[in-house]
Amino acid sequence: MSELLDRINDIRMTCRPRCTFSLERGKGETYWHSRPVLYVHSVYDRSSVLAGQPRRLFVEQWETWEHARAALSELRKKDRTFKYDDYGEGGGTSHIPSSVLTRHLPNDEG
């Protein structure tokens, strides 16, 4: 548990502007599953070609929603400032397709 809290604190110290967290089903460009995943949300910084676009990074994954919620409940007992949005087993996703994130970039084809 302290390893997860250490990771989260590292993320919170380096993430600008202030980041948020969500617990949701795993979904990305190349994967989809029903296991709960904790993601951190922020925006890409000025040095990135995706500057200003939403950024979502994987933090942790659990086998069951019960395990995830129990672990995050314990984490909240140790750090009351930690908050997250729980999208639930049948809830939505914060995944944004890369085609949406890169639509402002020039097309080099042809």
Residue pair Val37 / Gly26: nearest heavy atoms and the distance that separates them: CG2-CA, 3.7 Å
Minimum heavy-atom distance between Pro36 and Leu23, given as atom pair plus value: CB-CD1, 3.9 Å
Compare all side-chain heavy atoms of Leu4 with those of Val59 and state whether any distance is below 4.5 angstrom. yes
Search all heavy atoms of Ser22 against all heavy atoms of His41 and return the closest pair with its distance. OG-NE2, 2.6 Å
Can you pull out every salt bridge (charged side-chain N to carboxylate O under 4.0 Å, His left out) where at least one residue sits in residues 60-69? Sequence neighbours excluded, please. Arg7-Glu60, Arg69-Asp86, Arg69-Glu89
Rounded to the nearest 0.5 angstrom, the OH-CZ distance for Tyr44 and Arg55 is 6.5 Å
OG1 on Thr20 to OH on Tyr84, rounded to 0.5 Å: 14.0 Å
Is any side-chain heavy atom of Leu72 less than 4.5 Å from a side-chain heavy atom of Phe21? no
Which pair of non-hydrogen atoms, one from Trp62 and one from Arg35, has the smallest distance, and what is that distance? O-CB, 3.4 Å
Group every Ile, Leu, Val, Met, Phe, Trp and Tyr by side-chain heavy-atom contacts under 4.5 Å, then state whether Tyr87 and Phe82 land in the same group. no
Inter-residue atom distance Leu38.CG - Ile11.CD1, 0.5 Å rounding: 8.0 Å
May I ask whether Ile8 and Phe58 are part of the same hydrophobic cluster, defined by side-chain heavy atoms of I, L, V, M, F, W, Y residues being less than 4.5 angstrom apart, directly or through others? no
Among the clusters formed by ILVMFWY side chains lying less than 4.5 Å apart, do Trp65 and Tyr39 turn up in the same one? no
More than 12 non-hydrogen atoms from neighbouring residues, nucleotides or ligands closer than 6.0 Å to NE2 on His33, yes or no? yes
Separation between CZ of Arg76 and CG of Leu5, rounded to the nearest 0.5 Å: 12.0 Å
CG-SG distance between Leu57 and Cys19, expressed to the nearest 0.5 angstrom: 9.5 Å
Not counting sequence neighbours, which residues clear side chain to side chain donor-acceptor pair (under 3.5 Å) with Arg12? List them please. Asp79, Thr81
